[in-house]
Chemist: 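I'd like to ask some things about the structure below.
In the text below, chain A, chain B and the rest are named by the order of the sequence lines, each starting its count at 1.
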2 protein chains.
Amino acid sequence: MSWKIKPSPRLGAMAATKDPRPCSIADALALVGEKYSLLVLREVCLGNGRFDQLVRNIGAPRDILATRLRRLVDAGILTRCAYSERPQRFEYRPTRAGLELEPVLMTLMAWGDRHLRKDDDRPMVIEHICGNELLPVVTCSVCGDEVRHEDVSAHPQAPGWTVAGPTAA
Amino acid sequence: MSWKIKPSPRLGAMAATKDPRPCSIADALALVGEKYSLLVLREVCLGNGRFDQLVRNIGAPRDILATRLRRLVDAGILTRCAYSERPQRFEYRPTRAGLELEPVLMTLMAWGDRHLRKDDDRPMVIEHICGNELLPVVTCSVCGDEVRHEDVSAHPQAPGWTVAGPTAA
DNA sequence: ATGGTGAGTTTGAATTTCCTACTCACCGGT
DNA sequence: ACCGGTGAGTAGGAAATTCAAACTCACCAT
């Protein structure tokens with residue numbers, strides 16, 4: 001009788017490493033990157049924070065939405081405030097931290113408008129107080145210039161991490 | 001014998017509506033909002049586009065990563081180019097459209113740095129060509145002012161949609 | 001008493017993700 | 001020629017999530 005000897009698994013091809021690059025993008029996404037979370041924030045920033053409105057406008061299943069809302073409230077991104085006692089009814093509103101995610105939504109929307117739609121059939125236009133349609137641009141807070149890919153360089157701070165990955169094992 | 005009469009289901013409390021608010025944020029997220037997709041973009045923008053590097057630096061399961069890469073390539077956000085024939089080896093690189101998502105990553109990172117970390121233990125610092133650390137700010141491309149929540153107003157274009165949801169049914 | 005609304009919860013089925021291992025093509029050393 | 005190693009994935013089954021539809025509870029209006 002013969003057994004298939006278990007040939008020690010390849011050492012190079014392992015599962016997802018348990019310590020990926022430490023990064024605030026990853027951390028932020030762990031909080032608001034789940035399906036629907038950013039759409040909740042969109043609606044809430046539009047002033048539209050009641051449960052059934054969220055269900056309708058986002059198109060999310062009610063139970064999932066309830067889970068997301070709990071998480072966003074716990075994270076301090078939303079607050080749940082009563083807009084009526086007897087009958088008790090609630091409304092979700094962005095906290096300061098939540099409002100500070102709006103720039104993310106705006107740049108994302110601008111990208112979608114530019115790359116996902118042909119012509120000018122934008123489903124929503126944002127007007128700036130200056131009187132013009134808002135075309136959001138990301139700039140350097142110091143010099144004020146628009147940020148371009150070739151004008152920035154990343155410097156990882158965590159030990160063992162370079163821009164190219166962990167220092168050669 | 002008695003049957004439980006099926007009491008026609010409530011009309012008010014239905015499942016997720018099949019036509020949520022039309023919105024480029026939603027469309028963009030449908031493309032790049034799945035788990036890991038934006039982290040792929042992060043690595044690829046860092047110039048780090050080989051499969052095994054992505055696995056290590058992102059911490060994603062290999063099969064999921066393969067699926068995401070296919071999707072991003074199909075969407076025209078990444079390209080898969082050979083960096084060596086014999087043996088064939090590939091590398092993923094951002095297209096123009098992919099690079100234009102960098103502002104989203106930057107604002108997200110800045111938010112994470114500000115709200116998810118106490119003190120200044122940022123895992124990564126970005127330097128702008130002007131010589132300073134980059135603190136990205138979203139501004140109005142016309143007037144140049146920083147965009148603040150209270151300075152913008154949204155105008156949905158789709159018929160039947162106001163900022164507050166579908167026109168009263 | 002009946003029906004309606006807001007804000008969720010429950011339940012079971014359908015999808016996705018995750019983990020571990022496996023493949024294929026090639027290279028480099030002995 | 002054989003052995004081990006690397007890059008870039010694929011395969012298969014268990015575990016976790018999502019989804020749709022219905023159900024609950026408290027209250028108000030008729």
Chemist: What residue among B:Arg42, B:Lys35, B:Glu43 forms side-chain contact (heavy atoms from CB on, under 4.5 Å) with B:Leu39?
Modeler: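 For B:Leu39, the side-chain contact (heavy atoms from CB on, under 4.5 Å) check succeeds only for B:Arg42.
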
Chemist: Sort out for me which residue in B:Leu41, B:Val40, B:Val73, B:Ile77 forms a side-chain contact (heavy atoms from CB on, under 4.5 Å) with B:Tyr92.
Modeler: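 That would be B:Val73; it is the only one of B:Leu41, B:Val40, B:Val73, B:Ile77 passing the side-chain contact (heavy atoms from CB on, under 4.5 Å) with B:Tyr92.
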
Chemist: Can you tell me which nucleotide in C:dC18, D:dC27, C:dA7 comes closest to the side chain of B:Pro61?
Modeler: C:dC18

Chemist: What residues from residues 64-75 of chain A pass a heavy-atom cutoff of under 4.0 Å to DNA chain D?
Modeler: A:Ile64, A:Arg68

Chemist: Rounding to an integer number of Å, can you tell me how far A:Arg86 CZ sits from C:dA7 P?
Modeler: 16 Å

Chemist: Measure the distance from CG on B:Leu54 to C1' on D:dG9 and round it to the nearest whole Å.
Modeler: 12 Å

Chemist: Return the value, rounded to whole Å, for the distance between atom CZ of A:Phe51 and atom P of D:dC25.
Modeler: 17 Å

Chemist: Check the distance between C:dA25's P and B:Glu85's CD and give it to me in whole angstrom.
Modeler: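 Atom CD in B:Glu85 sits about 16 Å away from atom P in C:dA25.
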
Chemist: Separation of B:Gln53 atom CD from D:dT6 atom C1', in whole Å?
Modeler: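 From B:Gln53 CD to D:dT6 C1': 13 Å.
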
Chemist: Counting side-chain heavy atoms from C-beta on, which of D:dC19, C:dA25, C:dC27 comes nearest to B:Pro87?
Modeler: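 Closest nucleotide to the B:Pro87 side chain: C:dC27.
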
Chemist: Assuming nearest nucleotide by heavy-atom distance, tell me which of A:Asp63 and B:Asp63 is located more 5' along DNA chain D.
Modeler: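 Upstream on the strand: B:Asp63.
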
Chemist: Counting distance alone, no hydrogens or angles: does the base of C:dA7 have a donor or acceptor under 3.5 Å from a partner atom on the side chain of A:Arg62?
Modeler: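 Pair found.
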
Chemist: Side chain of A:Arg50, base of C:dG6: donor and acceptor closer than 3.5 Å?
Modeler: no

Chemist: Let me spell it out: for each of A:Gly59 and B:Gln88, pick the nucleotide of DNA chain D with the closest heavy atom. Which residue's pick is nearer the 5' end?
Modeler: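 Nearest-nucleotide comparison on DNA chain D picks B:Gln88.
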
Chemist: Identify, residue by residue, the members of residues 23-40 of chain B with a heavy atom below 4.0 Å from DNA chain D, and return them in order of residue number, or none.
Modeler: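 Residues of residues 23-40 of chain B that come under 4.0 Å of DNA chain D do not exist, since none gets that close.
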
Chemist: Separation of B:Ile58 atom CD1 from D:dA8 atom C1', in whole Å?
Modeler: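 Taking atom C1' of D:dA8 as the reference, CD1 of B:Ile58 is at 15 Å.
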
Chemist: Round to a whole Å and report the spacing from CZ of A:Arg56 to C1' of C:dA7.
Modeler: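 After rounding, the gap between these two atoms is 12 Å.
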
Chemist: Do A:Met106 and A:Leu134 have side chains that approach each other closer than 4.5 Å (heavy atoms only, starting at C-beta)?
Modeler: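 The answer is yes, as the side chains (C-beta and beyond) meet within the 4.5 Å cut-off.
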
Chemist: Taking atom CZ as the centre, does A:Arg117 end up with more than 12 heavy-atom neighbours from other residues, nucleotides or ligands that are less than 6.0 angstrom away?
Modeler: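 Counting other residues, nucleotides and ligands, CZ of A:Arg117 exceeds 12 neighbours.
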
